[in-house]
Amino acid sequence: MPSPLSPAAIALVKATVPALEVHGLAITRRMYERLFTDPAIRDLFNQSHHGETGSQPKALANAVLAYARNIDNLGALAGAVERIAQKHVTLAILPAHYASVAEALLGAIRDVLGEAATPEICAAWGEAYWVLADILIDREAAIYHDHAARPGGWTGWRDFRVESVTVESETIRSFVLVPADGGPVLRHVPGQYLSVRLALPGEGVLVRNYSVSCAPNDRSYRITVKREAADDHHHAGLPAGRVSSWLHEAADPGTVLQVTAPAGDFVLDRESRAPVVLVSGGVGLTPMMSMLETIRAETPERPTWYVHGALNGRVHAMAGRARSLAAGCPAIRLHMVYESPGAGDRLGTDYDAVGRITPDWLVAHTPAAEATYYLCGPRAFLASLVDGLARLGVPAERIRYEVFGPADEWVEEARAA
């Protein structure tokens with residue numbers, strides 16, 4: 001159990017809040033510059049989330065600010081801490097990594113704040129950092145222990161072989177992964193994700209997270225990957241979409257990838273029999289397909305709405321799979337929304353409405369008084385639905401959502417708490 005922060009450290013950390021509001025992003029950018037001088041540390045991070053326009057430094061700046069504001073009420077950050085611990089496990093983060101981060105963070109504070117970063121301020125932040133680090137280390141150790149103890153479980157990186165590749169749409173493919181050692185896999189919880197690590201010539205080691213898109217089983221995982229446009233934007237000199245493009249172009253059956261055990265706290269409540277509404281946009285359907293397959297296999301009588309939005313039929317992935325799961329199962333209802341239907345898309349067959357999914361439609365057409373809403377998709381999509389459902393009276397505990405990328409909603413949760 002980590003030691004509590006001293007009152008003096010709490011007071012000093014809270015006193016830095018105004019400085020963090022102004023300089024927080026500069027501090028986190030400088031921290032990553034320091035941290036990435038170690039290639040082994042750099043390889044742990046998705047570099048497309050870094051650089052001048054990267055989202056990870058912004059997310060961390062928000063997290064540091066939230067931590068300072070809530071330094072005397074860490075319970076407000078419990079949900080964010082759990083998410084971070086789960087993410088760290090999929091990246092095979094170890095206790096030794098925390099010392100490197102501490103050195104980089106405190107060095108960045110001194111670099112950016114200059115004389116304002118007094119020895120007392122730095123000592124207080126050092127104490128505060130290690131309190132949080134110890135909480136995360138303890139939680140991560142418990143998750144690692146659970147993974148190792150369960151059937152098919154492992155820790156760290158394990159070789160998996162691509163067993164099959166399925167073209168799901170013009171931009172999305174599914175890859176079934178099986179252990180190269182021929183052993184079983186750890187059964188994931190529907191909604192969880194895993195990390196994939198690969199080395200590309202000239203670009204080093206790259207790591208990406210992908211949701212598992214199938215129901216739990218003992219032999220394989222399926223990941224469903226959208227090919228991102230490599231020319232859309234660049235971060236830290238590495239084209240966005242490099243890994244997804246490589247998977248689409250080069251990951252044929254037989255290809256070996258390194259994979260961590262699944263983790264994540266955006267998971268289906270399998271004990272409940274209350275109505276569930278699975279809402280996704282674009283490739284955000286991946287965790288929803290795992291949930292939908294699980295419901296169909298385990299509790300087909302559970303009232304379930306699968307609501308998905310796509311641009312049109314050319315990019316709509318796994319539509320046939322969703323329809324086959326709903327066939328002969330009256331408790332599962334499908335609703336597909338196309339923003340811009342193509343010439344070959346048929347209203348009433350391929351899609352059910354034109355436009356976008358709205359909170360008002362969800363509340364009007366699903367049992368909002370008792371359903372739990374699971375949401376996954378682009379950030380604007382999530383912001384609209386999360387805020388809208390709350391505005392229409394759905395309690396926060398029944399609105400669950402997954403953000404692809406850095407979890408910069410931490411600060412929002414801390415303020416709400």
Does the side chain of [X] reach to within under 4.5 Å of the side chain of [Y], using non-hydrogen atoms?
X: His308; Y: Val279; result: no
X: Val185; Y: Pro179; result: yes
X: Leu12; Y: Glu120; result: yes
X: Leu25; Y: Ile27; result: no
X: Val64; Y: Trp125; result: yes
X: Leu325; Y: Glu293; result: yes

Inset, instruction - Please confirm whether Trp361 and His335 have ring centers closer than 6.0 angstrom. - result: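 That pair passes the under 6.0 Å test.
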Inset, instruction - Would you confirm whether the ring centroid of Phe160 sits within less than 6.0 angstrom of the ring centroid of Tyr221? - result: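 Ring-ring flag for Tyr221/Phe160: true, centres closer than 6.0 Å.
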Would you check if the side chain of [X] reaches a backbone N or O of [Y] as a donor-acceptor pair within less than 3.5 Å?
X: His97; Y: Leu94; answer: yes
X: Arg161; Y: Thr255; answer: no
X: Thr118; Y: Ile121; answer: yes
X: Ser213; Y: Thr286; answer: no
X: Gln192; Y: Val189; answer: yes
X: His147; Y: Ala263; answer: no
X: Glu228; Y: Gly241; answer: no
X: Arg227; Y: Thr171; answer: no
X: Asp269; Y: Val267; answer: no
X: Arg208; Y: Val243; answer: no

Work out which heavy atom in [X] is nearest to a heavy atom in [Y]; give both atom names and the distance.
X: Leu132; Y: Val81; result: CD1-CG2, 4.0 Å
X: Pro300; Y: Ala331; result: O-CB, 3.2 Å
X: His188; Y: Arg270; result: O-NH1, 4.4 Å
X: Ala322; Y: Tyr306; result: CB-CE2, 3.9 Å
X: Val394; Y: Val363; result: CG2-CG2, 4.4 Å
X: Val207; Y: Asp43; result: CG2-O, 3.4 Å

Inset, instruction - May I ask you to check whether Asn209 and Ser195 show a side-chain donor-acceptor distance below 3.5 Å? - result: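 Yes, side-chain donor-acceptor contact under 3.5 Å.
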Inset, instruction - Scan side-chain atoms only and decide if Tyr373 and Thr366 contain a donor-acceptor pair under the 3.5 Å cut-off. - result: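 There is such a pair between these side chains.
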Decide, yes or no, whether a salt bridge links [X] with [Y] under the criterion of side-chain N to carboxylate O below 4.0 Å.
X: Glu163; Y: Arg222; value: no
X: Asp181; Y: Arg158; value: yes
X: Asp387; Y: Arg391; value: no
X: Glu339; Y: Arg356; value: yes
X: Lys226; Y: Glu168; value: no
X: Glu21; Y: Arg69; value: yes

Legend entry - Full working for side-chain hydrogen bond (donor to acceptor under 3.5 Å, both in side chains) between Thr260 and Thr90: CA-CA 5 Å; Thr260 55; Thr90 68; 4.9 Å; no
Legend entry - Glu402 and Leu375: CA distance, side-chain angles, deciding distance, side-chain contact (heavy atoms from CB on, under 4.5 Å) verdict: CA-CA 6 Å; Glu402 178 80 302; Leu375 314 170; over 6 Å; no
Going from [atom1] on [X] to [atom2] on [Y], what distance comes out if it is rounded to the nearest 0.5 angstrom?
X: Trp305; Y: Leu278; atom1: CH2; atom2: CG; answer: 11.0 Å
X: Ser290; Y: Ile223; atom1: OG; atom2: CD1; answer: 13.5 Å
X: Cys376; Y: Leu285; atom1: SG; atom2: CG; answer: 8.5 Å
X: Ile399; Y: Thr372; atom1: CD1; atom2: OG1; answer: 10.0 Å
X: Ser244; Y: Arg173; atom1: OG; atom2: CZ; answer: 11.5 Å
X: Arg302; Y: Leu268; atom1: CZ; atom2: CG; answer: 5.5 Å

Inset, instruction - Begin with the C-alpha distance, continue with both residues' side-chain angles, and end with the deciding distance and a verdict on side-chain contact (heavy atoms from CB on, under 4.5 Å) for Asp72 and Lys14. - result: CA-CA 9 Å; Asp72 52 355; Lys14 288 189 79 73; 3.6 Å; yes
Legend entry - For Arg398, side-chain hydrogen bond (donor to acceptor under 3.5 Å, both in side chains) partners two or more places apart: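 For Arg398, no residue satisfies side-chain hydrogen bond (donor to acceptor under 3.5 Å, both in side chains) once neighbours in sequence are set aside.
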Inset, instruction - Give the C-alpha distance, both sets of side-chain angles, the deciding distance and a yes or no for side-chain contact (heavy atoms from CB on, under 4.5 Å) between Thr299 and Glu301. - result: CA-CA 5 Å; Thr299 55; Glu301 75 285 352; 3.8 Å; yes
Inset, instruction - Start with the C-alpha distance between Glu33 and Arg30, add both sets of side-chain angles, then the distance that settles salt bridge (charged side-chain N to carboxylate O under 4.0 Å, His left out), and finish with yes or no. - result: CA-CA 5 Å; Glu33 288 175 0; Arg30 179 58 181 149; 3.1 Å; yes
Inset, instruction - Kindly indicate, with the supporting measurements, whether the criterion salt bridge (charged side-chain N to carboxylate O under 4.0 Å, His left out) is fulfilled by Glu103 and Arg34. - result: CA-CA 9 Å; Glu103 182 179 352; Arg34 283 174 158 267; 5.6 Å; no
Legend entry - Worked check of side-chain contact (heavy atoms from CB on, under 4.5 Å) between Asp360 and Leu392: CA-CA 8 Å; Asp360 298 272; Leu392 293 171; 3.9 Å; yes
Inset, instruction - Kindly check if the number of other-residue, nucleotide or ligand heavy atoms within 6.0 Å of CD (Glu271) is above 12? - result: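 Open.
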Legend entry - Pairing residues for Tyr338 by the ring pair (Phe, Tyr, Trp, His ring centres under 6.0 Å) criterion, not counting sequence neighbours: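 Residues passing ring pair (Phe, Tyr, Trp, His ring centres under 6.0 Å) with Tyr338: His316, Tyr351.
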